[in-house]
**Student:** 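My structure is below; once you've seen it, I'll send some questions.
Side chains included, hydrogens not; waters and symmetry mates left out as well; all remaining heavy atoms used.
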Amino acid sequence: MTRLRHLRLLVTGAGGFVFGTALPIWRALGYQVIALDQHFSAQQRARFEGIRLVEGDVEHILPRLAPVDAVVHGAAVTASPEECRMTPEAHLLANLTPALRVFEWAAAGGARRVIGGSSSAVFASTSGVVGEDQPVTPQGTYATAKAALEAHAATLRTQYGRDVLMVRLGNLYGPDERASASRPRLSLLSRMLSDALERGCLRLPDPALPDPHLREWTYAPDIASAIHALLQAEWLQHPLYQLAAGALADRFQIARIIQAALPNVRVETGEQDDLPALTRRGVLSHARLLQDTGFNAWTPLERGLQQALAAARPQLAVAQ
């Protein structure tokens, strides 16, 4: 396969947190990026200068687009069926149908590689080191759709010879994370940053008890670099790769990093949790990605948090 640097790359879900973060990185790496989403804000249009932005849904826009060399399909609806006012069946189709249309369109146009986004949500519960071969246990329509697309990508690759693969993402954080209709809930880490910057206070549970929200965290811009490594690989033998930094952190560890950067932020302990208990506590292994691409440039949590804070400099100045 010819290397994909400097070639045309279509990105769906390009206005979302993760892939919106990736667009300027991919453009700087030399891709001719075409960004597709339902809507781009004025702020995003300014940030995505030099990138072709296309507004609309996959179903109607794809037939109008010229063929591309590669596709990254990141469009997804993570809000629940109830939040979207959908039936469970409609919600499932909202995540399945666009992906299937993208896969079909890419094959018809001769795209050399297609990468779809998946999630650790395919696991209801995990522990220890979690590899790509661990059986999934999806619960909920979003998780069911992602698990189905992982299986479908494997089918396309093994039975139809298509260069299609999925990337499974874990808990992400970084600059420019905002709530949206399709992703209404901010990450726990983002909420902690907001509390520190806007209120000057972090609320934590009783330190004598284990934190039920121990999570794995990956700096969102690293996803762009990892996918670049997958796009550049001459050949990939697997239909699924996990993109995760591979380290766990609880709220107490995160709070210490935030306080080191913002000494005036106070911590209040013994607060009642207003979050549902987290069951997925295993560590997504990135060994397969490392073996097949050599990529291992994950940003340590402390540095990533510092960069996320620096991106919010106006709020930072108020908090201090």
**Student:** Answer with yes or no after comparing the ring centroid distance for His228 and Phe295 against a 6.0 Å cut-off, counting only values under it.
**Tutor:** no
**Student:** Is it true that atom CD of Glu104 has more than 12 heavy atoms of other residues, nucleotides or ligands lying nearer than 6.0 Å?
**Tutor:** no
**Student:** Would the distance check show the side chain of Gln232 and the main-chain N or O of Ala229 forming a donor-acceptor pair, the cut-off being under 3.5 Å?
**Tutor:** no
**Student:** Give me the one residue out of Lys146, Arg168, Glu150 that meets side-chain hydrogen bond (donor to acceptor under 3.5 Å, both in side chains) with Ser118.
**Tutor:** Glu150
**Student:** Using a 6.0 Å cut-off, check whether atom CD of Gln307 has over 12 heavy atoms from anything other than its own residue.
**Tutor:** yes
**Student:** Under a 3.5 Å distance rule, please check whether Arg157 uses its side chain to pair with a backbone N or O of Val164 as donor and acceptor.
**Tutor:** yes
**Student:** Taking Asp69 for its side chain and Arg8 for its backbone only, find out whether a donor-acceptor pair lies under 3.5 Å.
**Tutor:** yes
**Student:** At what distance, to the nearest 0.5 angstrom, does CG of Leu172 lie from CG of Asp222?
**Tutor:** 9.5 Å
**Student:** So, the side chain of Arg203 versus the backbone of Asp195: is there a donor-acceptor pair under 3.5 Å, distance only?
**Tutor:** no
**Student:** Within the side chain of Thr269, is there an N or O that forms a donor-acceptor pair under 3.5 Å with the backbone of Asp206?
**Tutor:** no
**Student:** Please determine which of Leu189, Thr299, Leu305 meets the side-chain contact (heavy atoms from CB on, under 4.5 Å) test together with Trp217.
**Tutor:** Leu189
**Student:** Does Arg47 come within less than 4.0 Å of Glu49, counting only side-chain N to carboxylate O?
**Tutor:** no
**Student:** Does any part of the side chain of His152, heavy atoms only, come nearer than 4.5 Å to the side chain of Phe103, both counted from C-beta?
**Tutor:** yes
**Student:** List the steps and the verdict of side-chain contact (heavy atoms from CB on, under 4.5 Å) for Tyr219 and Tyr173.
**Tutor:** CA-CA 5 Å; Tyr219 188 54; Tyr173 72 98; 3.5 Å; yes
**Student:** Is Asp133 paired with Arg288 through a side-chain N to carboxylate O contact shorter than 4.0 Å?
**Tutor:** yes
**Student:** Strictly distance-based, threshold 3.5 Å: is any side-chain N or O of Gln44 a donor or acceptor partner for the main-chain N or O of Gly15?
**Tutor:** yes
**Student:** If we ignore hydrogens and angles and just use 3.5 Å, is the side chain of Ser285 paired with the main-chain N or O of Gly131 as donor and acceptor?
**Tutor:** no
**Student:** Please name the pair of heavy atoms, one in Ala220 and one in Phe17, separated by the smallest distance, quoted to 0.1 Å.
**Tutor:** CB-CZ, 3.7 Å
**Student:** Is it the case that one hydrophobic cluster holds both Val167 and Val68, taking links as side-chain heavy atoms less than 4.5 Å apart, direct or via other members?
**Tutor:** no
**Student:** Test of understanding: clusters of I, L, V, M, F, W, Y form through side-chain heavy atoms closer than 4.5 Å, transitively. Do Val265 and Leu301 belong to the same one?
**Tutor:** yes
**Student:** Mind listing the closest non-hydrogen atom pair of Tyr142 and Ala76 along with its distance?
**Tutor:** CE1-CB, 4.3 Å
**Student:** Work out which heavy atom in Leu23 is nearest to a heavy atom in Ala35; give both atom names and the distance.
**Tutor:** CD1-CB, 3.7 Å
**Student:** Quick one, Val114 and Asp163 - any side-chain contact, counting heavy atoms below 4.5 Å?
**Tutor:** no
**Student:** Say you draw a straight line from CD of Glu59 to CZ of Arg101; how long is it, rounded to the nearest 0.5 Å?
**Tutor:** 4.5 Å
**Student:** Ion pair present between Glu302 and Arg256, side-chain N to carboxylate O less than 4.0 angstrom?
**Tutor:** no
**Student:** Mind checking what makes side-chain contact (heavy atoms from CB on, under 4.5 Å) contact with Leu248, not counting sequence neighbours?
**Tutor:** Leu214, Glu216, Val283
**Student:** Find out if a path of hydrophobic residues (ILVMFWY) with successive side-chain heavy-atom gaps under 4.5 Å connects Leu149 to Val77.
**Tutor:** no
**Student:** Taking CZ in Arg52 as the centre, count heavy atoms belonging to other residues, nucleotides or ligands within less than 6.0 Å. Is the count above 12?
**Tutor:** no
**Student:** Which pair of heavy atoms, one from Ala308 and one from Leu193, lies closest together, and at what distance?
**Tutor:** CB-CD1, 4.0 Å
**Student:** Quick one: does Leu7's side chain get under 4.5 Å of Arg112's, heavy atoms only?
**Tutor:** yes
**Student:** Are Val54 and Phe48 in one and the same hydrophobic cluster, where Ile, Leu, Val, Met, Phe, Trp and Tyr link if side-chain heavy atoms are under 4.5 Å apart?
**Tutor:** no
**Student:** Indicate yes or no for a side-chain donor-acceptor contact from Trp26 to the backbone of Tyr31 under 3.5 Å, with no hydrogens or angles considered.
**Tutor:** no
**Student:** Using side-chain heavy atoms (C-beta onward) and a distance below 4.5 Å, is Val11 in contact with Asp37?
**Tutor:** no
**Student:** Looking only at non-hydrogen atoms, find the nearest pair between Ala311 and Pro175 and report the distance.
**Tutor:** CB-CB, 3.6 Å
**Student:** Quick one: pull up CG in Leu289 and CD in Glu132 and give me the separation to the nearest 0.5 Å.
**Tutor:** 8.5 Å
**Student:** Do Leu236 and Leu165 come within less than 4.5 Å of each other through their side chains, counting heavy atoms only?
**Tutor:** yes
**Student:** How long is the straight-line distance from OG of Ser119 back to CG of Asn171, given to the nearest 0.5 Å?
**Tutor:** 8.5 Å
**Student:** Can you confirm whether Leu230 sits close enough to Leu243 that some side-chain heavy atom of one is under 4.5 Å from a side-chain heavy atom of the other?
**Tutor:** yes
**Student:** Tell me yes or no: between the side chains of Asp292 and Tyr241, is some donor less than 3.5 Å from an acceptor?
**Tutor:** yes
**Student:** Using every non-hydrogen atom in the two residues, find where Ala245 and Thr218 come nearest and quote the distance to one decimal.
**Tutor:** N-OG1, 2.9 Å
**Student:** To the nearest 0.5 Å, what is the distance between CD (Gln306) and CD1 (Ile258)?
**Tutor:** 11.5 Å
**Student:** Kindly write out the residues that satisfy side-chain contact (heavy atoms from CB on, under 4.5 Å) with Thr144, not counting sequence neighbours, or none if the list is empty.
**Tutor:** Leu92, Pro138
**Student:** Quick one: does any side-chain atom of Gln242 pair with a main-chain N or O of Leu169 as donor and acceptor, under 3.5 Å?
**Tutor:** no
**Student:** In this structure, would Leu100 and Leu10 fall into the same cluster of hydrophobic residues linked by side-chain contacts under 4.5 Å?
**Tutor:** yes
**Student:** Do Ile51 and Ile34 touch side chain to side chain, with heavy atoms closer than 4.5 Å?
**Tutor:** no
**Student:** For the backbone of Leu204 and the side chain of Glu268, can you confirm whether one donor and one acceptor N or O come within less than 3.5 Å of each other?
**Tutor:** no
**Student:** Could you give the distance from CG (Leu202) to CZ (Phe252), rounded to the nearest 0.5 Å?
**Tutor:** 11.5 Å
**Student:** Counting C-beta onward and ignoring hydrogens, is there a side-chain heavy-atom pair between Met166 and Ile115 closer than 4.5 Å?
**Tutor:** no
